[in-house]
Amino acid sequence: MEVCARFLIVGASLAGLRAAEALRNSNYKGEIAIVGAETHLPYNRPPLSKQILLGSQSPEDLSFPISDDLDVTWHLGSAATGLNIADREVTLENGKVLSYDRLLIATGVTPFLPPLPNIDVPGVHSLRTIDDARQLCAEMQPDRRIAIVGAGFIGCEVAASARKRGLDVVVLDQMDRPMARVLPPSLSEVFRTAHEEEGVAFRFGVTVTALEGTDHVTGVTLNTGETIEADIVLIAIGSRPTTDWLEGSGLVLEKGVVCDQSCRALNGDNRIAAAGDIAVWPHLNYGEDRFRIEHWTNAAEQGAAAARALLNDNDAPYVPLPSFWSDQFSLKLQSIGQPSRAERIEIVAGSLEDRKLVAECWKGDQRVGVIALNMAPKLARYRIQMEQELQ
Amino acid sequence: MPKVTVDMNLCEYHGQCVFVAPEEFWFDDEDELRYTTEVPENARARVEKAAKACPQLAIKVE
Ligand SMILES: Cc1cc2nc3c(=O)[nH]c(=O)nc-3n(C[C@H](O)[C@H](O)[C@H](O)COP(=O)(O)OP(=O)(O)OC[C@H]3O[C@@H](n4cnc5c(N)ncnc54)[C@H](O)[C@@H]3O)c2cc1C
Ligand code: SF4
């Protein structure tokens, strides 16, 4: 079956939705079609590890408002399985073939599940979709034991939510501190202490070698030989870009869909762009290195920017100020810029002891980022300044 | 005139709205979020942009 869609968006989530909205805002009157592997209309993911697990929001609350004027043809519940650049066609799992004039790739990332023994035993979870959250939530009964593999943001957020719901929580990581890839050591320490005060146990410097159990998971075995008993296991050791359906298409796939400065995919015939968690592009203000940002604000902004670049054939470089947040217990973290590049931090307001601070992150004589802990309002000023520095 | 409401039970003080529409959303001296509840028609686009930038989907514009 052949359906013609002039502007085709693959990935029905934040980047895809904001792309469609940007097209309409730019007065694009042609057809827009959006393909989504999930059966759901676009919804908001960050609450999945927070409000949804806590029960303070329900899955229905997460739907993004969608204006009637958006006038999109939705193809939901069927993943794209192939891209033919010469024929300008995308094939779906259900056999449909959609042709396009312009294509935006926004298929995000998929949690990485290491090939460990028993990784597929019931009770072993990952968390990316609303369906994942429902399944995890259903198992999270008070007094059950959850082992969380990976002390990154999602792992730590789930640890906080699970603990608040009365579960016994242990977090395992091969690094020596939580959120080590992003946070400076002193801030990791604040989070570690806060979690431990609430009763979360950490095991650092260990790797998981196997999962135990046959009908249901019973524990995880570590490289030390020891087994930690658990009724539920969450694997949260990062994700991989969802590029499987693009293999062999001719696009350049290296840790994502590789794009130029304005988010157009290399080898994409100038008709294809990528946005959100899946897009790898050179941020001109941050040197020639191409990188990917796996955060909410970028998905929203890049979706819109990439759609406009495709629609208008413009080369405007996409140079956002990266930003993200995380909520764990009473700690609210906000970050702008690239704090992971910092060599040192300077606390310019508040203090580590008060767990309320603003920290400037420096590399040499360059301020590469700013982090606020429980002081989000103070970040507004920096945000405006740093955004101007990027223009 | 467009009416703006923020569900303060949802707001996590991310400040995205303040950044996008500083004339309509701001933090006061106590770091509380304040906002204009009725904005002129010519500010509609800006407050709608702020609503879209809010990760908590806390802002409604009618
Ligand atoms: C639990 C959790 C908590 C988070 N918390 C925060 C936070 O606090 N702060 C923050 O800044 N960010 C957070 N994030 C990250 C943020 O949600 C993502 O950056 C954002 O969702 C990325 O949007 P996207 O549109 O690029 O991709 P996604 O939201 O991943 O959407 C991609 C979509 O494409 C679909 N898809 C995949 N393959 C195919 C295919 N072949 N065909 C069709 N469709 C396909 C997927 O089903 C999915 O719906 C969190 C993410 C998770 C999972
Ligand atoms: S963007 Fe949303 S969550 Fe953030 S301060 Fe504004 S209303 Fe609150």
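All chains are named by letter (A, B, ...) in the order of the sequence lines, taking the proteins before the strands, and each is independently numbered beginning at 1. Below, all heavy atoms of this structure are taken into account, side chains as well, without hydrogens, waters or symmetry copies.
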Enquirer: Can you tell which part of A51(B) gets under 4.5 Å to a heavy atom of chain A, answering side chain, backbone, both or neither?
Expert: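 It is neither, since no heavy atom gets under 4.5 Å.
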
Enquirer: Could you pull out all residues at least two apart from D131(A) that satisfy salt bridge (Lys or Arg N to Asp or Glu O under 4.0 Å)?
Expert: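 Per chain and number, D131(A) pairs via salt bridge (Lys or Arg N to Asp or Glu O under 4.0 Å) with R134(A).
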
Enquirer: Less than 4.5 Å to any heavy atom of chain A: does that hold for the side chain of L10(B), its backbone, both, or neither?
Expert: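 Side chain only.
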
Enquirer: Please classify the contact of L14(A) with chain B as side chain, backbone, both or neither, using a heavy-atom distance under 4.5 Å.
Expert: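 Neither part; nothing is under 4.5 Å.
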
Enquirer: Which N or O donor-acceptor pairs, by atom type, sit under 3.5 Å across chain A and chain B?
Expert:
residue : atom : partner : partner atom : Å
R18(A)  : NH2  : K52(B)  : O            : 2.8
N44(A)  : ND2  : P55(B)  : O            : 2.6
Q51(A)  : NE2  : E12(B)  : OE2          : 3.2
T297(A) : OG1  : Q16(B)  : NE2          : 3.3
W325(A) : NE1  : H14(B)  : NE2          : 3.4
K332(A) : NZ   : E12(B)  : OE1          : 2.1
Q334(A) : NE2  : H14(B)  : ND1          : 2.9
K378(A) : NZ   : D31(B)  : OD1          : 3.3
K378(A) : NZ   : D31(B)  : OD2          : 3.3

Enquirer: Side chain, backbone, both or neither: which part of C17(B) has an atom under 4.5 Å from a heavy atom of chain A?
Expert: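 No part of it gets close to chain A.
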
